[in-house]
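From a predicted model like this one, the values you see are computed outputs, not experimental measurements. Atoms considered below: every heavy atom in the structure, side chains included; atoms not considered: hydrogens, waters and symmetry mates. Numbered from 1 within each chain, the chains take letters A, B, ... in sequence-line order.
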Amino acid sequence: MNNAPQSITELLERAQAIAGLSLQELANQVQIELPLNAKKEKGWTGQLIELSLGATAGSKPIQDFPQLGVELKSLPIDRSGRPLESTYVCMTQLLHAHGETWQQSSVRNKLSHVLWVPVLAERSIPIAQRIIGHALLWSPDKEEEATLRQDWEELMEAVAFGRVDEITARHGQALQLRPKAANSKVRTQAYGRDGQLIETLPRGFYLRRSFTQALLEKHFANLS
DNA sequence: AGCTGATCATAA
DNA sequence: TTATGATCAGCT
């Protein structure tokens, strides 16, 4: 099961096969240990699912299934099927904001085809007992794409004009720019108001919970 | 309760 | 250092 899926169909079959399993059962299947301190190994569930489905990209800034053009995202949900958290998309290129277009952006690249794997993951449920849900292969519809593009363009324009330090998580309808670092002391370079280099916190793009929630609701509406 | 800013582990 | 996988936890 650790080889990369050769087709979308094969990927979907693998995703279907793990639906309903607990993380304990899935970990047994791929022979990895559950984390001793799940609070600290925040990415463990996502990596377990990557391993189970045969994702290969590692920590490279590309899609999880480059051959298929598909990005994999685990999505923690509550028992009502509502997302519990925002979704990390990718790092923000603070020095190359000028001239980059939405079409060539890594946000669009990552989000053009996403295999969402919901996981029932309320904090009260021990990690071993959390349950894999039914995966959903999604592409943004016209409206979603327009919203994402508008957010991205506004945020990247601010970055390009040296205003990254003025951006907060309150900006963006669907897409947010938020800190993405080991801690708040980490610094990377960006441009300041006068075009000079400044040191600032690394940022990443995130999807708001409301956006992923709406996307799931649309999917379920289409099923009925 | 939900959201924003902060944080944790790991690989190359 | 920068990227991946994300969730934590305090504040409003």
Is any side-chain N or O of A:Lys60 under 3.5 Å from a base N or O of C:dT4, one able to act as donor and the other as acceptor? no

Starting at the 5' end of DNA chain C and moving along, which residue's nearest nucleotide shows up first, A:Ser86 or A:Ser59? A:Ser59

Under the side-chain hydrogen bond (donor to acceptor under 3.5 Å, both in side chains) test, residues paired with A:Asp141 that sit two or more places apart: A:Lys218

Distance criterion of 3.5 Å, no angle test: do you see the side chain of A:Lys73 paired donor-to-acceptor with the base of C:dG5? no

Need one value for A:Asp78: base, sugar-phosphate or nothing, where a base atom within 4.0 Å counts as base even if backbone is also close, heavy atoms only. nothing

Check the phosphate of B:dT4 against A:Arg208, side-chain N and O only, distance under 4.0 Å to OP1 or OP2. Yes or no? yes

Donor/acceptor link under 3.5 angstrom from A:Tyr88 side chain onto base of C:dA3: no

Please check if the side chain of A:Glu166 supplies one atom and the backbone of A:Arg163 the other of a donor-acceptor pair under 3.5 Å. no

Applying a 4.0 Å non-hydrogen cut-off, can you work out what A:Gln93 is touching in the nucleic acid: base, sugar-phosphate, or nothing? sugar-phosphate

Within this structure, what is the CD-OG distance for the pair A:Glu100 and A:Ser106, rounded to the nearest 0.5 Å? 6.5 Å

Nearest nucleotide by nearest heavy atom, which residue falls closer to the 5' end of DNA chain B, A:Glu41 or A:Glu85? A:Glu85

Look at all strands and tell whether A:Ala181 reaches a base, only sugar-phosphate, or nothing, counting heavy atoms closer than 4.0 Å. base

Which comes earlier along DNA chain C counting from the 5' end, the contact point of A:Tyr206 or that of A:Gln189, where each point is its nearest nucleotide? A:Gln189

Residues in ring-ring contact (aromatic ring centres under 6.0 Å, His included) contact with A:Tyr88, at least two apart in sequence or another chain: A:Tyr206

